[in-house]
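Below: the structure, in structure tokens.
For ligands, and for the atoms within them, numbers begin at 1 and follow the listed sequence.
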Amino acid sequence: MESMEDPKAAANACAMVIFGSSGDLARRKLLPALFALEMEGRLDERSVLIGFSRSETTHEAFRERMRAAAGGTFDAAAWDGFARDLYAVPGEYDDPASYVRLKAELDRLDALNGIPGNRLFYLAVPPDAVPGIVRRLGAAGLTPRHSGRAARGWTRVIFEKPFGHDLASALSLNDEVSRILSEDQVYRIDHYLGKETVQNLLVFRFANGIFEPLWNYKYVDHVQITVAESIGIGTRGRFYEGAGALRDIVQNHLLQLLTLVAMEPPVARDADAIRDEKVKVFRAVRPLEPGDVTRFVVRGQYAGGTMDGEPVPGYRAEPHVAPGSATETFVALKLLIDNWRWSGVPFYLRTGKRLEGRSTEIVIRFSRIPHLLFRNLTEEQTRPNELVLRIQPDEGISLSFGTKVPGSELRIAPVTMNFTYACTFGARPMHAYERLLLDAIRGDASLFIREDGVRATWAIVQPILDAWRTGTAGPPAPYPAGSWGPAGADALIERDGRRWRNPA
Ligand code: BG6
């Protein structure tokens with residue numbers, strides 16, 4: 001999944017346009033990522049960034065606002081150089097004249113800076129604005145397809161998640177987009193795939209000989225994947241009310257982690273070979289029947305509670321949230337993958353806001369030993385081996401095994417071999433958005449979601465959305481902020497004689 005090019009080499013000169021440049025994502029993630037790339041010398045010096053939004057006014061005002069967002073270790077001289085390449089185009093997403101102005105500005109900057117017509121559009125806008133923007137980009141002649149000798153430069157469009165709202169809307173958005181762009185111009189982002197530790201999953205699996213022979217139903221008892229957040233919904237109530245944890249995290253981040261754990265080795269390292277294997281996993285996920293949803297899926301919503309000794313409000317008391325909201329802030333579910341490798345191995349997934357700790361991790365729980373030689377030992381003393389891939393924080397990998405406690409009696413205690421990125425490598429890992437922006441500029445789509453991947457993931461969650469919509473599954477269960485979610489989530493896994501591993 002590594003970029004094919006020298007990671008240190010500067011990427012292609014291009015004009016990047018951020019739709020929604022006055023929004024949260026642009027300020028918190030995109031601009032800091034681009035500035036970091038600039039400081040590391042990874043952007044071609046001819047490149048420019050254009051902010052397109054209805055609240056943009058002047059280039060200067062845009063630069064000032066972005067300066068405040070640049071964050072991190074601020075290098076004023078580097079900033080001045082970067083800021084000169086920031087431009088604002090005030091515009092309405094549904095106003096054709098705004099796109100004419102945008103095109104004129106792009107042409108002017110191409111000529112001014114010697115940019116060879118390369119354009120990267122980033123749609124950091126609410127989902128309902130996306131189809132209209134794509135149509136208008138097309139109508140304004142801003143999305144030429146790549147083919148043909150006459151084609152000048154490349155055009156790529158990055159789509160933020162969620163891509164669609166459910167299976168039907170994702171299909172129709174895919175259709176709409178494919179009328180205007182070819183699939184190789186479409187970059188559907190899931191920032192989890194840009195995380196260093198997530199990319200390491202494939203390296204860990206396919207660049208090491210000892211784990212892969214064990215990585216199947218014969219030796220793995222089950223897999224747990226947790227994306228736990230301690231933060232609440234903050235100021236995002238308006239967006240979240242229409243989304244919920246299933247759309248916000250399960251359909252994308254959690255299923256992407258699942259597929260990287262479960263996929264077969266790809267035949268090559270290119271984007272399509274990797275994505276072919278990922279999609280095969282999604283297709284093999286056993287579809288949930290309507291009656292399965294109550295048995296295999298638990299949803300919850302955080303109530304008030306205490307975090308770090310401070311009282312925090314419940315979800316329904318957050319700004320822009322309906323007092324009787326039924327939006328879930330927690331989901332736990334059990335999936336089975338019907339293929340040769342994973343037959344009968346449950347994958348337990350969960351995610352939630354306002355949980356006791358922030359932690360994303362994957363637990364591979366190996367099977368129990370077939371014959372217990374040490375009969376007088378408790379089950380606790382002969383715990384099955386566990387491999388934990390810590391995605392964040394405290395990024396690293398640990399493997400637990402039983403060892404004899406020194407002494408005359410036979411006692412066994414679980415111990416852990418632990419690798420942490422911070423201790424071993426020290427250096428700051430590249431942030432997910434830096435990596436993904438750079439890949440998009442270089443035309444490497446390995447870490448982006450292909451059209452069939454989007455379809456397949458929505459197909460997995462659609463039965464859950466249906467059951468929740470029709471009310472057959474009951475409302476979300478409240479759980480206190482600062483806990484590990486509703487009791488139903490424990491029951492889901494304990495029914496199978498297993499337990500969640502709650503990160504320390
Ligand atoms: C985003 C979700 O995709 O991921 C947010 O919309 C969530 O709700 C965030 O907080 C988590 O990302 P990270 O990188 O902080 O784990």
Side-chain angles (χ1 to χ4, degrees), residues 20 23-30 32-33 36 71 122-128 130 158-165 187-201 225-258 260 299-302 307 312 315 318-321 325 327-331 349-362 389-396 421 428-437 447-449 454 457-458 461 476 481 485 503:
D24 200 47
L25 181 74
R27 191 168 35 80
R28 282 193 314 116
K29 302 282 187 193
L30 305 182
Y122 199 121
L123 308 190
V125 296
D128 54 356
V130 168
I158 303 185
F159 293 81
E160 252 304 325
K161 66 167 260 285
F163 193 87
H165 189 68
Y187 285 67
R188 298 175 195 80
I189 208 165
D190 180 324
H191 80 279
Y192 262 57
L193 295 178
K195 290 181 190 275
E196 199 74 60
T197 39
V198 173
Q199 292 164 50
N200 187 47
L201 273 169
I225 309 180
T226 296
V227 175
E229 295 186 277
S230 50
I231 52 168
I233 206 58
T235 54
R236 297 169 72 219
R238 207 172 273 129
F239 156 77
Y240 202 83
E241 275 286 87
L246 188 73
R247 291 186 172 95
D248 191 39
I249 304 273
V250 177
Q251 182 268 337
N252 33 75
H253 306 332
L254 265 173
L255 289 179
Q256 290 299 326
L257 294 177
L258 172 137
L260 292 172
R299 62 171 163 165
Q301 186 187 70
Y302 65 82
M307 303 212 49
V312 294
Y315 176 70
E318 301 278 22
H320 310 299
V321 172
S325 170
T327 301
E328 79 289 354
T329 60
F330 177 98
V331 180
L349 316 184
R350 64 177 172 165
T351 183
K353 300 227 182 263
R354 283 282 186 234
L355 297 183
E356 191 180 312
R358 171 176 182 255
S359 168
T360 296
E361 65 175 36
I362 298 165
L389 302 143
R390 293 189 307 278
I391 305 297
Q392 64 187 24
D394 185 25
E395 291 81 355
Y421 275 81
R428 175 187 83 91
M430 209 176 190
H431 285 151
Y433 276 98
E434 287 173 46
R435 169 60 191 254
L436 294 171
L437 281 163
L447 300 176
F448 293 82
I449 321 286
V454 170
T457 47
W458 278 116
V461 300

Q.
Tell me whether Tyr187 contacts the main-chain N or O of Leu447 through its side chain, where contact means a donor paired with an acceptor under 3.5 Å.
A. no
Q) Do Gln199 side-chain atoms and Gly194 backbone N/O form a donor-acceptor pair below 3.5 Å? A) yes
(Q) Among Asp190, Ile362, Ile391, which residue satisfies the side chain to side chain contact (heavy atoms under 4.5 Å, CB included) criterion with Val198? (A) Ile391
Q: Fit a plane to each ring of Tyr122 and Tyr433, take the angle between them on a 0 to 90° scale, and name the class: parallel (under 30°), tilted (30 to 60°) or perpendicular (over 60°).
A: tilted
Q) Can you find a side-chain donor-acceptor pair between Tyr315 and Glu328 that sits under 3.5 Å? A) no
Q: For Glu241 and Ser325, test the side chains for any donor-to-acceptor distance below 3.5 angstrom and give the result as yes or no.
A: yes
Q | Residues in the immediate environment of ligand 1 (any heavy atom closer than 4.0 angstrom) | A | Lys161, His191, Tyr192, Lys195, Glu229, Arg236, Asp248, His253, Lys353, Arg358, Gln392
